[in-house]
Participant: 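Below: one structure in structure tokens.
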Amino acid sequence: MNKSIKIFAPATVANLSCGFDVLGCCLDTVGDEMIISLTSNPEVKITKIDGANLPLETHKNVAGVAVEALLKAYKKEIGVTIEIYKKIKAGSGIGSSAASSAGAVWAVNYLLDSPFSSQELIAFAMEGEKLASGNAHADNVAPALLGGFTLVRSYKPLDVIKLNTPKDLMITVIHPQIEVKTSDSRSVIKHNVSLQQAIQQWGNVGGLVAGLFTEDYELIGRSLEDVIIEPLRSILIPEFTAVKEAALSSGALGCGISGSGPSIFALSKGDKTATLVADAIRNVYSKTGLKFDIHISKINNDGIKIIEV
Ligand code: ADP
């Protein structure tokens, strides 16, 4: 046996302001490439990593750990080799680890003629996220695997719902190339919220979900508000407030922290506005002297894509 596939494993934006650990969406123009092969030698091997300095050891790489979880459930002796062509920088806040774990399990499942459901693949990929951040969260791996916007309705039991993607929705992302340690971005979060904050937050989550399904762009914009995490985490991101103001005054529907940062995302209606938003954000960041990347993307409703079989 020697079956092989080359895939595009997309970047994702988690949280989407109001939906900490439960909401996420999938990008179209930013992502890694991976070549996954089945072999008869029953072990999982990372044979190549290009574009990043990441561990080749299977148990230290999220792709290896996620595939091991899948094979444990598959229960037949089989081997897998993984090549990773990294384009998403690790620690960027746009789902670098999630792209690898989701991409790897999706490809192995495809090569095995799909014995597992999407929900099962999400659970395997979450094992990779557990390795990366100590927390088996699904808000990046779910949109990478299902495409579009996703909601984790429940973690126990795992229940992930794919939401609707309004067709003109575009996303602009700036990745300031600074290191925000995951431990720092976790340590600033408070573990208790007031009832008043909770009411505001779940009102916004409901509003965002309703806005996505009814394709009500104004409602989407009004709902992109985070009263719990953003006020605490944004202090770790240089010029966050100025970026947000620039994005909103250029017509963005909303703007917030992507995942645990330092990337910042803005949603817009139409590519013209998304480009204006990118220009405005670039203008703010050019003055800081910091290195940064800006991406403009439509929402990728397919998730992982086959490049070559
Ligand atoms: P992001 O902030 O972009 O979502 P994460 O912080 O979730 O990225 O993941 C980055 C961490 O995961 C780093 O510590 C990195 O060393 C580790 N890691 C292990 N394997 C991989 C991989 N294949 N791709 C990306 N990161 C990986």
Side-chain angles (χ1 to χ4, degrees), residues 7-16 20-21 23-27 30-36 44-70 80-108 122 124-145 150 171 173-187 189 229 233 236-237 256-265 292-293 295 297 304:
I7 57 157
F8 168 76
T12 43
V13 167
N15 299 344
L16 295 170
F20 180 67
D21 270 4
L23 287 172
C25 72
C26 188
L27 271 61
V30 197
D32 297 342
E33 289 180 6
M34 303 176 83
I35 298 176
I36 316 281
V44 179
K45 274 189 148 180
I46 318 279
T47 49
K48 183 172 181 179
I49 300 175
D50 184 82
N53 187 13
L54 291 165
L56 278 164
E57 295 99 314
T58 306
H59 66 283
K60 288 190 186 160
N61 194 297
V62 298
V65 169
V67 170
E68 297 256 10
L70 181 151
V80 173
T81 60
I82 302 168
E83 293 179 27
I84 305 172
Y85 298 84
K86 209 81 204 144
K87 310 255 168 72
I88 315 168
K89 296 190 177 82
S92 54
I94 52 170
S96 175
S97 54
S100 289
S101 32
V105 295
W106 187 92
V108 172
I122 292 169
F124 302 140
M126 283 166 69
E127 290 301 315
E129 292 295 72
K130 197 168 162 186
L131 173 73
S133 68
N135 174 24
H137 58 103
D139 50 349
N140 287 107
V141 294
L145 283 161
T150 54
I171 190 158
V173 177
I174 175 165
H175 171 215
Q177 290 179 22
I178 53 160
E179 192 192 355
V180 174
K181 289 205 177 81
T182 312
S183 52
D184 287 344
S185 68
R186 291 209 157 262
S187 67
I189 295 175
I229 311 289
R233 268 194 178 162
L236 301 172
I237 305 173
I257 304 170
S258 175
S260 57
S263 288
I264 304 169
F265 80 96
F292 60 92
D293 297 317
H295 310 289
S297 175
I304 292 155

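Each ligand, and each atom within it, is numbered from 1 in the order the structure gives. Count residues from 1 along the sequence. Atom set for the values below is all heavy atoms of this structure, side chains included, hydrogens, waters and symmetry mates excluded.
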Participant: Atom CD1 of Ile84 and atom CE of Met34: how far apart are they, to the nearest 0.5 Å?
Facilitator: 4.5 Å
Participant: Which of the atoms of ligand 1 are close to Lys86, meaning less than 4.0 Å from one of its heavy atoms?
Facilitator: 24 (N), 25 (C)
Participant: To the nearest 0.5 Å, how far apart are OG in Ser96 and NZ in Lys86?
Facilitator: 3.5 Å
Participant: How long is the gap from CD1 on Ile237 to CD1 on Ile178, to the nearest 0.5 Å?
Facilitator: 7.0 Å
Participant: Nearest protein heavy atom to atom 14 (O) of ligand 1: under 4.0 Å?
Facilitator: no
Participant: Under 3.5 Å, is there a donor-acceptor pair between the Ser97 and Glu129 side chains?
Facilitator: yes
Participant: Where on Ser97 is there a heavy atom closer than 4.0 Å to ligand 1, on the side chain, on the backbone, on both, or on neither?
Facilitator: both
Participant: Considering the heavy atoms of Ile94, write down every atom of ligand 1 situated less than 4.0 Å from one of them.
Facilitator: 3 (O)
Participant: Ser133: heavy atom below 4.0 Å from ligand 1, yes or no?
Facilitator: no
Participant: Ignoring angles and geometry beyond distance, decide whether Ala132 reaches within less than 3.5 Å of ligand 1 through its nitrogen or oxygen atoms.
Facilitator: no
Participant: Using every non-hydrogen atom in the two residues, find where Thr58 and Lys45 come nearest and quote the distance to one decimal.
Facilitator: OG1-CA, 4.1 Å
Participant: Does any N or O in the side chain of Asn61 come within less than 3.5 Å of the main-chain N or O of Leu56, such that one atom is a donor and the other an acceptor?
Facilitator: no
Participant: Is there any N or O on Gly95 that sits under 3.5 Å from an N or O of ligand 1?
Facilitator: yes
Participant: Which heavy atom of the protein is the closest neighbour of atom 2 (O) of ligand 1, given with residue, atom name and distance?
Facilitator: Gly93 N, 2.9 Å
Participant: Heavy atoms, side chains only, cut-off 4.5 Å: are Leu23 and Asp139 in contact?
Facilitator: no
Participant: Among all protein heavy atoms, pick out the one at the shortest distance from atom 25 (C) of ligand 1; state its residue, atom name and that distance to 0.1 Å.
Facilitator: Ser96 OG, 3.4 Å
Participant: To which of Leu54, Leu131, Ile49, Asp32 does the heavy atom nearest atom 17 (C) of ligand 1 belong?
Facilitator: Leu54
Participant: So which atom in Ala90 and which in Leu54 form the shortest heavy-atom distance, rounded to 0.1 Å?
Facilitator: CB-CD2, 4.3 Å
Participant: Compare Pro262, Ala90, Gly91 and give the one whose heavy atom is closest to atom 6 (O) of ligand 1.
Facilitator: Gly91
Participant: Going by distance only, is there an N or O of Glu129 that falls short of 3.5 Å from an N or O of ligand 1?
Facilitator: no
Participant: Is any N or O atom of Asn140, backbone or side chain, closer than 3.5 Å to an N or O atom of ligand 1?
Facilitator: no
Participant: Checking a contact table here: which protein heavy atom is nearest atom 21 (C) of ligand 1, and how many Å away?
Facilitator: Val62 CG2, 3.6 Å
Participant: Report, in ascending order of atom number, the atoms of ligand 1 lying under 4.0 Å from any heavy atom of Lys60.
Facilitator: 19 (C)
Participant: Distance from Asp293 atom CG to Ile174 atom CD1, nearest 0.5 Å?
Facilitator: 8.5 Å
Participant: Determine the minimum heavy-atom distance between Ser100 and Ala63, stating which atoms define it.
Facilitator: O-CB, 3.8 Å
